[in-house]
Amino acid sequence: MQDTHEQYNQSEAWHWYRRGLARLFSVPALILMGAFTGFSGLARDAGFSVWQTEFMVLTIWALPSKVVLIGAIMAKSSLVGAFIAVSLSAVRLMPMTVALVPEMRAKTTSKFVLYALSHFIAVTAWVMSMETFKTVPRAYRTAYFAGIASVLMSSNLCVVFLLFKVGDSLPPLASAALIFVTPLYFLCSLWGSARERAGHYAMVLGLVLTPLFHALFPQGDILATGFAGGILAYVIGRRKAAVRP
């Protein structure tokens with residue numbers, strides 16, 4: 001791979017891959033492992049085996065989608081219903097993919113590499129990458145992201161395996177509480193990384209409107225909140241921008 005300003009070098013690529021691996025020792029990675037601790041308890045209580053849960057981590061990866069799938073199975077939803085629920089949960093990752101992939105692509109980056117790495121785009125990896133890509137040469141951003149992706153995946157596969165073996169020693173309330181650590185981190189991170197005020201408005205409106213729409217449309221509260229909050233945030237942002245000198 002090569003970009004406009006820099007010749008690709010294999011040893012340099014390994015250097016940036018190792019830099020990605022080193023992101024294991026960071027607050028986002030530790031928070032994600034804490035959330036997977038709670039997820040492991042949830043999967044175990046739902047009757048999943050350790051290998052079924054590991055397969056779920058490998059193939060679905062994004063934590064909310066796995067929680068949605070477990071909920072659909074426990075609710076005895078149909079295969080089509082579970083498929084739709086998980087797909088709708090994963091739709092939120094499309095804008096992140098659209099934003100991140102161009103940041104990784106160099107002049108001759110293989111499309112296959114980008115397609116493969118897209119599987120690992122979830123909120124934690126996205127936030128970690130977008131925060132640091134400006135310090136990574138473009139030619140080596142795929143190597144750097146591959147390091148982040150592989151260390152997050154492998155560490156949480158280990159977390160799931162270990163928690164299935166020692167799950168009885170963790171209080172059920174603690175397992176459930178750990179799942180909510182990740183959304184709190186995401187909220188703080190996305191607030192800080194929002195490039196426009198409209199992003200802040202959207203997050204505040206989401207927090208305010210979710211209880212209302214849950215009471216009115218319990219089966220479609222998230223979708224309704226997203227549409228209403230997103231449109232209102234856009235309108236407020238445009239009006240604020242129009243009156244700003």
Side-chain angles (χ1 to χ4, degrees), residues 1-33 35-36 54-66 83 86-160 182 185-186 189-196 198-199 202 230 234:
M1 285 180 288
Q2 177 182 347
D3 80 346
T4 306
H5 306 289
E6 187 168 1
Q7 183 71 34
Y8 182 82
N9 180 276
Q10 190 67 39
S11 62
E12 189 71 8
W14 278 110
H15 164 75
W16 285 105
Y17 178 77
R18 291 192 296 271
R19 290 281 296 271
L21 292 177
R23 295 303 303 276
L24 173 66
F25 306 102
S26 64
V27 173
L30 294 175
I31 289 176
L32 185 62
M33 284 190 278
F36 265 88
E54 296 276 43
F55 180 76
M56 200 185 312
V57 173
L58 283 168
T59 54
I60 298 178
W61 180 226
L63 184 57
S65 296
K66 290 192 284 291
F83 171 79
V86 173
S87 298
L88 288 174
S89 172
V91 164
R92 78 195 194 285
L93 301 177
M94 180 61 74
M96 294 183 181
T97 304
V98 171
L100 187 64
V101 168
E103 294 294 324
M104 287 195 289
R105 185 173 55 224
K107 186 177 180 181
T108 57
T109 304
S110 166
K111 290 184 178 179
F112 174 78
V113 170
L114 295 175
Y115 292 147
L117 292 178
S118 294
H119 172 70
F120 300 96
I121 296 177
V123 177
T124 300
W126 187 89
V127 169
M128 293 171 73
S129 302
M130 293 297 278
E131 285 178 345
T132 54
F133 265 177
K134 60 181 177 290
T135 66
V136 181
R138 181 173 287 273
Y140 305 109
R141 289 179 182 178
T142 50
Y144 178 71
F145 182 79
I148 292 175
S150 57
V151 79
L152 290 179
M153 175 73 78
S154 58
S155 62
N156 286 296
L157 285 170
C158 293
V159 166
V160 169
T182 301
Y185 165 73
F186 290 162
S189 298
L190 294 174
W191 181 276
S193 62
R195 297 178 180 178
E196 299 180 2
Y234 175 78

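Quick note: numbers below take in every heavy atom, side chains included, and nothing from hydrogens, waters or symmetry partners.
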Exercise. Does Trp61 have any side-chain hydrogen bond (donor to acceptor under 3.5 Å, both in side chains) partners at least two apart in sequence or in another chain, and if so, which?
Worked result: none

Exercise. Which is it for Phe120 and Ile148 under the side-chain contact (heavy atoms from CB on, under 4.5 Å) test, yes or no, and what are the steps along the way?
Worked result: CA-CA 9 Å; Phe120 300 96; Ile148 292 175; over 6 Å; no

Seminar exercise, completed: When rounded to the nearest 0.5 Å, the distance separating CD of Glu12 from CH2 of Trp16 is 7.0 Å

Exercise. Roughly how far, to the nearest 0.5 Å, is the CG atom of Leu100 from the CZ atom of Phe145?
Worked result: 5.5 Å

For this session: Under the side-chain contact (heavy atoms from CB on, under 4.5 Å) rule, collect the residues that match up with Thr97, sequence neighbours excluded.
Result: Val101, Ser118, Ile121

Problem set entry | Gap separating the OG1 atom of Thr124 from the CG atom of Leu30, nearest 0.5 angstrom | 11.0 Å

Exercise. Minimum heavy-atom separation for Leu152 to Asn156, with atom names?
Worked result: O-ND2, 2.8 Å

Exercise. Of all residues at least two apart in sequence or in a different chain, which pass the side-chain hydrogen bond (donor to acceptor under 3.5 Å, both in side chains) check with Thr59?
Worked result: none

Seminar exercise, completed: d(Met104 CE, Tyr144 OH) to nearest 0.5 Å is 12.5 Å

Exercise. Roughly how far, to the nearest 0.5 Å, is NE2 of His119 from CD1 of Ile60?
Worked result: 9.0 Å

For this session: Please check if the side chain of Arg141 supplies one atom and the backbone of Val136 the other of a donor-acceptor pair under 3.5 Å.
Result: yes

Exercise. Who are the side-chain contact (heavy atoms from CB on, under 4.5 Å) partners of Leu21, not counting sequence neighbours?
Worked result: Tyr17, Ser150, Val151

Problem set entry | Flag side-chain contact, heavy atom, 4.5 Å: Glu103 against Arg138 | yes

Exercise. Can you find a heavy atom in the side chain of Tyr140 that is under 4.5 Å from one in the side chain of Asn9?
Worked result: yes

Exercise. With sequence neighbours left out, what residues match Ser26 under side-chain contact (heavy atoms from CB on, under 4.5 Å)?
Worked result: Arg23, Pro28, Ala29, Met128

Problem set entry | Listed partners of Val86 passing side-chain contact (heavy atoms from CB on, under 4.5 Å), at least two apart | Ser65, Val68, Leu69

Problem set entry | Over all atoms of both residues, closest heavy-atom pair of Ala139 and Ala106 | CA-CB, 4.1 Å

Exercise. What is the distance from atom CE of Met33 to atom CD1 of Ile31, rounded to the nearest 0.5 Å?
Worked result: 10.5 Å

